[in-house]
Amino acid sequence: MIVMKFGGTSVGDARAIDRVASIVQGRLTQRPVVVVSAMSKVTDTLLTMARAAGAGERKAALKLCRSLQERHYNTASELLGTALFTQFHAELGADFEALDELLRGISAVGELTPRTTDHVAAFGEVLSSKIVAAAFSARGLNGSHVDSRDILVTDSNYMQAVPQYDETNERLKTNVQPLLDESQVPVMGGFMGASRAGITTTIGRGGSDFSAAIVGAGLGAERIEIWTDVDGILTTDPRICPDARRIKVIGFDEAAELAYFGAKVLHPATVLPAIQKNIPVYVLNSLNPSCEGTRITTHAPQGQNIFKAIAAKKHITIIQVAAPRMLLAHGFLRAIFEAFDRHKVAVDVVSTSEVSVSLTVDSNHSIPALAADLSKLADVKYEGRKAIVCLVGENLREKPGIAALVFRELADKKIRMISQGASEINLTFVIEEDEVPDVIQRLHKTFFAELDPEVFA
Ligand code: ASP
Ligand code: MG
């Protein structure tokens, strides 16, 4: 069997869902389980209305809910036609009644808890999976809606719940496998699950890829297909380099580094359940289904090029912590990281000298509060408008002299921090944010002028 996961834009309207149906039709002999995201932007809207309700703005919340209802009804009636929609619309209606009730409850209490947030957020995938399953059936595809809250068992860490694999795999085998055996096409919502007590949970924003990987690992899929609206993973951002090319095959580790450093293709956590079972993951384009996309696999051929891709992550702040005290003072780094921990700020790149530490963080964090805390330990300076540039490739491990090649191209640039990752497959450094296009273009020209056809399209 295979898992086919369709993201929000791939199920964003009736036309998109129609395309999904024909893509799935073409894969029927491979026995697909379909995992869908909420329709595009729906999760954001749900969270906005939940917050509005939490702030006591009942009318605003319900108004947003009506527009959401209209969009889902229109999509469903367009897909199903009047006769079928008449039967189906009661089912959607019940969901919207439940959502309304929830919003009224939240606004009456005037408090939005993580648990209630998950209740609201899950509606996006509940609705999209029902509509897609009904659309499949209307097209003779034997779609069978499966409520993911009956399958994906998680802990109770709301909004960031952790899957409980043993129980989830059990339920996949007892509830989903039989549908495949009867040649049905199970359609599940991603992102959501339920605790052992049956309370709705979600596994973190963008979590539908993760859901797909969990389902694929649990059912022993031959492969997992992540359908998006780009042709796969590219050598770099095509908005910066119009000649960016598709990577045909890439290692899991390489893809994880890229996802982390700004390539918006795949959630790194997706990688985990699939790697453990050695299941290849494909990134494919629902707007261009005949394109072969990118295969992500444990053992990828390396080819002749040094790098697979270049990514940049903008909106970075460098924090410099300097203290002569660090000289021989063990425990200093721990104290610094404890401060980051207290402020729940994640660090991307670290470089240290005998007397100072530089760290990069996402500029969205509230840095002044963190800096104030750190300044109890040492002198602190911070500077925004930076970007991390990351070159990724397994070949980096083998070949000497690569850093020299990279920095020779950037001899006139101010390079702030350099780190060759512990994984040995990335070369990372920090530059001024406004230099990103120039730096990426130069490096792309240097390292991707000639491409090994085994690895690149
Ligand atoms: N709909 C959820 C989100 O937007 C999950 C997903 O799309 O993967 O975060
Ligand atoms: Mg989404």
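As the structure lists them, so they are numbered: ligands from 1, and atoms in each ligand from 1.
- For the 3.5 Å distance criterion, the side chains of Asn305 and Asp452 fail to qualify, holding no donor opposite an acceptor.
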Q: Check the pair Thr201 / Asp118 against side-chain hydrogen bond (donor to acceptor under 3.5 Å, both in side chains), numbers first and verdict last.
A: CA-CA 5 Å; Thr201 56; Asp118 274 358; 5.4 Å; no
Q: Determine, step by step, whether Arg171 and Asp166 satisfy the salt bridge (Lys or Arg N to Asp or Glu O under 4.0 Å) criterion, reporting the C-alpha distance in whole Å, the side-chain angles of both residues, the deciding distance to 0.1 Å, and the verdict.
A: CA-CA 9 Å; Arg171 296 196 190 184; Asp166 288 346; over 6 Å; no
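- In the displayed structure, Arg27 atom CZ is contacted under 6.0 Å by more than 12 heavy atoms of other residues, nucleotides or ligands.
- Listed by atom number, the atoms of ligand 1 under 4.0 Å from Ser37 heavy atoms are 6 (C), 7 (O), 8 (O).
- Using a 4.0 Å heavy-atom cutoff, Gly206 is listed among the residues neighbouring ligand 1.
- The shortest N or O to N or O distance between Gly204 and ligand 1 is not below 3.5 Å.
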Q: Kindly indicate, with the supporting measurements, whether the criterion salt bridge (Lys or Arg N to Asp or Glu O under 4.0 Å) is fulfilled by Asp362 and Lys313.
A: CA-CA 9 Å; Asp362 194 297; Lys313 189 174 182 182; 5.0 Å; no
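- Close contacts of ligand 1 with Ser208, meaning ligand atoms under 4.0 Å from a residue heavy atom, involve 5 (C), 6 (C), 7 (O), 8 (O).
- For Thr9 and Asp229, the side-chain atoms include at least one donor-acceptor pair closer than 3.5 Å.
- The atoms of ligand 1 that sit less than 4.0 Å from any heavy atom of Arg205 are 3 (C), 4 (O), 9 (O).
- Using modelled atom types and a 3.5 Å distance limit, the side chains of Asp181 and Gln177 yield a donor-acceptor pair.
- Among the atoms of Lys5, none of the N or O lies under 3.5 angstrom from an N or O of ligand 1.
- Near Phe191, the atoms of ligand 1 lying under 4.0 angstrom from a non-hydrogen atom of the residue are 2 (C), 5 (C).
- Ligand 1 has at least one atom lying under 4.0 Å from a heavy atom of Gly207.
- Ligand 1 has no N or O atom lying under 3.5 Å from any N or O atom of Asp209, backbone or side chain.
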